[in-house]
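The structure presented is a predicted model; accordingly, all values stated were derived computationally and were not measured.
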Amino acid sequence: NFDSDGFTVGSNAEVNSNGHNIVAWNWLAGTAFSNDASATGVGNVDSSGQVNTTAGFSIVSWQFTTSADNLIFHGLSSAPEMMILKSRTTAYNWDVYHTALSAPTKRFILNGTTNSTGAGIELAGFFDTAPTDTLFEYNTSALTNNDNVIAYCFHSVEGYSKIGTYLGNNSADGTFVYTGFRPAFVLIKKYNAAGQWWGVYDSARDPDNLVTQRLWWNATNVESAYSTDELDFLSNGFKPRGN
């Protein structure tokens with residue numbers, strides 16, 4: 001159940017195995033929206049979902065069409081800087097858009113470790129143009145007509161969230177990454193070399209520095225700590241403490 005103040009899980013072992021420690025990350029959307037493209041003249045496919053413009057987060061659902069470029073209203077007040085997209089109908093990758101990518105036609109794959117310059121990462125027609133304050137574009141030959149697609153869209157909000165890039169320095173005194181707030185959740189992906197996983201750190205599992213307990217979004221591994229992959233969560237950002 002999705003409840004007014006949280007959620008309730010059932011008995012499935014993946015979410016409620018006896019004696020297991022489980023983590024969940026939650027964002028509040030909360031305001032329903034819908035867009036009839038033919039009536040509003042915004043985009044060319046109908047979309048609906050939930051949005052929190054203050055937090056820079058929306059959930060968007062639509063039916064994919066193969067007859068034209070899919071131009072979808074996202075409900076946010078600024079252009080998304082990161083989007084996670086998944087067909088609910090066709091077995092296919094979790095596609096990720098990020099402003100770090102050198103061109104809108106490139107993507108990350110959330111369920112893989114391929115990077116932005118690696119084999120199979122550039123897909124012609126995936127995004128022909130970058131998202132705008134109103135719309136994003138999504139095109140792929142991997143989906144079929146009338147596929148149901150879900151997208152989770154994010155943009156940075158001062159004092160709340162930060163989406164961006166940094167350059168590592170292979171030092172225990174790592175690059176300081178400014179966010180403007182003490183982070184509670186950090187997702188990191190190296191993108192100029194293949195085979196690098198999606199690493200997640202958070203202050204719920206690891207409330208004190210050093211933050212060492214890492215999970216992988218693209219793998220089934222249990223959490224693990226490595227001396228070269230530690231972070232400091234600081235009042236206005238974070239700092240890697242290793243290579």
Side-chain angles (χ1 to χ4, degrees), residues 23-29 51-59 74-84 96-104 106-110 113 115-117 121 127 130-133 136 151-193 195-218 223-243:
V23 64
W25 304 284
N26 305 268
W27 286 263
L28 173 67
V51 64
N52 185 336
T53 54
T54 302
F57 171 61
S58 69
I59 307 170
H74 51 64
L76 296 171
S77 57
S78 297
E81 296 171 277
M82 179 174 176
M83 298 186 292
I84 303 172
V96 180
Y97 168 85
H98 194 285
T99 54
L101 297 170
S102 60
K106 293 188 176 183
R107 62 185 167 120
F108 292 124
I109 301 173
L110 188 62
T113 58
N115 70 302
S116 62
T117 57
I121 199 68
F127 296 97
T132 71
D133 290 351
F136 66 87
Y152 308 97
C153 306
F154 303 83
H155 69 72
S156 300
V157 173
E158 186 174 358
Y160 175 75
S161 63
K162 184 66 175 175
I163 298 163
T165 65
Y166 67 93
L167 183 65
N169 66 5
N170 187 19
S171 170
D173 184 18
T175 302
F176 169 66
V177 183
Y178 177 78
T179 62
F181 54 89
R182 181 180 178 85
F185 168 92
V186 174
L187 171 66
I188 298 175
K189 173 73 172 74
K190 184 176 179 179
Y191 68 97
N192 68 336
Q196 303 299 319
W197 291 11
W198 296 81
V200 178
Y201 305 80
D202 64 70
S203 60
R205 294 180 297 119
D206 215 339
D208 301 315
N209 288 329
L210 290 167
V211 179
T212 62
Q213 297 301 319
R214 178 188 55 190
L215 286 168
W216 302 113
W217 266 13
N218 57 286
E223 69 178 7
S224 56
Y226 293 93
S227 60
T228 57
D229 291 341
E230 299 167 334
L231 303 179
D232 274 342
F233 282 8
L234 307 174
S235 62
N236 58 351
F238 67 92
K239 180 185 280 276
R241 292 295 189 182
N243 184 17

Enquirer: Between the side chain of Asp232 and the main-chain N/O of Leu234, is any donor-acceptor distance below 3.5 Å?
Expert: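 No, Asp232 side chain to Leu234 backbone: no donor-acceptor pair under 3.5 Å.
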
Enquirer: With a 6.0 Å cut-off on the ring centroids, do Tyr152 and Trp27 count as close?
Expert: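 No, too far apart.
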
Enquirer: Just so I know, are the side chains of Phe238 and Tyr166 near enough to count as touching, which here means a heavy-atom distance under 4.5 Å?
Expert: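 They are in contact (side-chain heavy atoms under 4.5 Å apart), so the answer is yes.
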
Enquirer: Considering only heavy atoms from C-beta outward, does the side chain of Phe108 approach that of Asn218 to under 4.5 Å?
Expert: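 A side-chain contact is absent here, since even the closest heavy-atom pair is not under 4.5 Å.
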
Enquirer: Is there a donor-acceptor pair closer than 3.5 Å between any side-chain N or O of Arg205 and the backbone N or O of Val23?
Expert: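 Not a single qualifying donor-acceptor pair exists.
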
Enquirer: Is it the case that atom CZ in Phe176 sees more than 12 heavy atoms from other parts of the structure closer than 6.0 Å?
Expert: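 Check passes, neighbour count above 12.
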
Enquirer: So, the side chain of Glu81 versus the backbone of Ser156: is there a donor-acceptor pair under 3.5 Å, distance only?
Expert: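 Here the side-chain-to-backbone pair exists.
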
Enquirer: Should the pair Asp173-Arg241 be classified as a salt bridge under the 4.0 Å nitrogen-to-oxygen rule?
Expert: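 A salt bridge is present here (some side-chain N lies under 4.0 Å from a carboxylate O).
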
Enquirer: Can you find a pair of side-chain heavy atoms, one from Leu187 and one from Trp25, that are under 4.5 Å apart?
Expert: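 Counting from C-beta outward, Leu187 and Trp25 never come under 4.5 Å.
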
Enquirer: Side chains of Phe181 and Lys162, heavy atoms from C-beta outward: is any pair under 4.5 Å?
Expert: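 Counting from C-beta outward, Phe181 and Lys162 do come under 4.5 Å.
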
Enquirer: Is there a donor-acceptor pair under 3.5 Å between the side chain of Asn209 and the backbone N or O of Phe233?
Expert: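 A pair under 3.5 Å: yes.
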
Enquirer: Can you confirm whether Leu231 sits close enough to Ile188 that some side-chain heavy atom of one is under 4.5 Å from a side-chain heavy atom of the other?
Expert: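 Heavy-atom side-chain distance check passes, below 4.5 Å.
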
Enquirer: Just how far is it from atom CG of Leu101 to atom NZ of Lys106, taken to the nearest 0.5 Å?
Expert: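 Reported to 0.5 Å precision, the distance equals 8.0 Å.
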
Enquirer: Starting at OG of Ser224, measure out to CG of Leu215 and round the result to the nearest 0.5 Å.
Expert: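 It comes to 7.5 Å.
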
Enquirer: Minimum heavy-atom separation for Phe154 to Ile163, with atom names?
Expert: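 For Phe154 and Ile163, the tightest heavy-atom pair comes out as CB-CD1, 3.6 Å.
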
Enquirer: Whether the side chain of His74 engages the backbone of Thr132 through a donor-acceptor N/O pair (distance < 3.5 Å, no angle test) should be reported.
Expert: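 Answer holds: yes.
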
Enquirer: Run Glu223 and Asp206 through side chain to side chain contact (heavy atoms under 4.5 Å, CB included) and show every step you take.
Expert: CA-CA 11 Å; Glu223 69 178 7; Asp206 215 339; over 6 Å; no

Enquirer: Please report the closest heavy-atom contact between Asp229 and Tyr201, naming both atoms and the distance.
Expert: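 In terms of heavy atoms, the two residues are closest at O-OH, 2.7 Å.
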
Enquirer: So, taking the atom named OG1 in Thr99 and the one named NE2 in His155, what distance separates them when rounded to the nearest 0.5 Å?
Expert: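 Rounded to the nearest 0.5 Å, the OG1-NE2 separation comes out at 12.5 Å.
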
Enquirer: If I compare all heavy atoms of Tyr178 with all of Asn236, which pair ends up nearest, and what's the gap?
Expert: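 So the two residues come closest at CD1-O, 3.4 Å.
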
Enquirer: Return yes when atom NZ of Lys239 has more than 12 non-hydrogen atoms of other residues, nucleotides or ligands closer than 6.0 Å, and no otherwise.
Expert: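 More than 12 heavy atoms, drawn from other residues, nucleotides or ligands, come within 6.0 Å of this atom.
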
Enquirer: Taking all atoms of both residues into account, what is the closest heavy-atom pair of Thr53 and Ser77, and its distance?
Expert: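 Where Thr53 meets Ser77 most closely, the heavy atoms are O-OG, 4.2 Å.
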
Enquirer: Return the minimal non-hydrogen interatomic distance between Pro131 and Phe136, and the atom names on each side.
Expert: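 Shortest heavy-atom separation between Pro131 and Phe136 comes out as CB-CB, 4.0 Å.
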
Enquirer: Hey, could you give me the OH/CD distance between Tyr226 and Gln213, rounded to the nearest 0.5 Å?
Expert: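 Tyr226 OH to Gln213 CD: 10.5 Å, rounded to 0.5 Å.
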
Enquirer: Do you know the tightest heavy-atom contact between Thr175 and Pro240?
Expert: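 Nearest heavy atoms, Thr175 then Pro240: O-CD, 2.9 Å.
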
